[in-house]
Amino acid sequence: QNYIEAKDDMLNMRSFTNLYLGKPFKETGARPKVKKIIENRGTYQAGETPNEVLWITAGADVQRGRKFYERYSDNDIEKEYFRLLDDKKDPWKAGLPRIEMLVLGHGHGYRTYAIEYKIFYGSTLNTFGGAWAKMRAWMEETKLTYRRLDGSKIPCQMVFIDSGDGERTSTVYSFCEPYPGVIPIKGDQWDAQRKKEKGDELKQSFFKKYVISKINQTEKLVTIATNHYKQLIYTRLKIRRVMADEQNPGFMEFPLNFPDYFFKMLTSEERLQDGSFHAGERKNESLDCFDKETQVLTTKGWKYFKDLNLNHK
């Protein structure tokens, strides 16, 4: 009887499990099936830009790597990287320090097209060395511009870089400062609204999807409601591919040769009953990269796009 009364409420189930069963309580939630998401691979290859892409953004997640590597210099990490390759081991699985970046194309009807997933290995502490130097060299070489299959050149409009790591926050700020379109970003798990607040009542405490604040006179910081955008991603991942020339609005498409581990990370976090997301021990870098970019799918993002005076449907 106690179980029946408690089973539909997470807090009551916590009490039931702790007090009546004498066991630790583990929250469980829902997350998309990896196999279903892999079916959303398209017919284009990583690095190619479909003709449906209207503008491009990128989101980067900074990874400090395994604690073991914290005492390694840039040269030591570089040697370790090539040693792992020689031993036919994956540097990503080994936990080397790195910056992971997802380049994402946005199209009509809020459709998205993943273009490529970049990994820059190296120390993430020094703005002018390691992974930062490699990412800077790549940005300058490519000029953050992609060519669509029809030959049109599409520049990357914004790059969001995670600054939530307290040890590397100033490093991220320093890297972003010279580039107007490269913006530090951090996540915050805001509640949708206070319990006693009416749903249609606009107040200072009302839920905001993102907040733009100033770091200094030239730099801005974007704080996003991570729970909101992760829920948005998970909802759109459920949109199935259809046999038609144009997919349904909101459809998320991925290159044919994207690795399976990308999709495992994209679906790594469970959505709990309180609306929060938790990955546990699972890696979630690609979801974090995707989460940083989805704020441009909002009305403000589309207004920004329209202001560019680009031709679109």
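All figures in this text were calculated on a predicted structure; none of them were measured in a lab.
- Among residues at least two apart or in separate chains, salt bridge (charged side-chain N to carboxylate O under 4.0 Å, His left out) pairs with a member in residues 120-140 are E78-K134.
- Remark: the backbone N or O of S163 is paired with a side-chain donor or acceptor of T169 at under 3.5 angstrom.
- For the residue pair S123/N126, the side-chain donor-acceptor check at 3.5 Å is not satisfied.
- Connection of Y72 to F82 is established within a shared hydrophobic cluster, with ILVMFWY side chains joined at heavy-atom distances below 4.5 Å, either directly or through further cluster members.
- Formation of a donor-acceptor pair under 3.5 Å by the N257 side chain with backbone atoms of Q45 is not found in this model.
- Screening R41, R111, Q247, R241 against E253 for a side chain to side chain donor-acceptor pair (under 3.5 Å) leaves a single residue, R241.
- In the hydrophobic clustering (ILVMFWY side chains linked at under 4.5 Å, chained through shared members), I215 is joined by Y173, L221.
- Between F254 and F263, the gap from one ring centroid to the other is short of 6.0 Å.
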Given side-chain contact (heavy atoms from CB on, under 4.5 Å), test F175 with M135 step by step and report yes or no.
CA-CA 10 Å; F175 181 87; M135 186 165 74; 3.6 Å; yes
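- The closest donor-acceptor contact from the side chain of R148 to the backbone of S152 lies at 3.5 Å or more, if one exists at all.
- Side-chain atoms of S174 never come within 3.5 Å of backbone atoms of T127 as a donor-acceptor pair (strictly under, hydrogens ignored).
- By the salt bridge (Lys or Arg N to Asp or Glu O under 4.0 Å) test, R240 is found to be paired with E39, residues two or more places apart in sequence or in another chain being considered.
- A salt bridge is defined here as a Lys NZ or Arg NE, NH1 or NH2 lying under 4.0 Å from an Asp or Glu carboxylate O, and R83 with D87 meets this definition.
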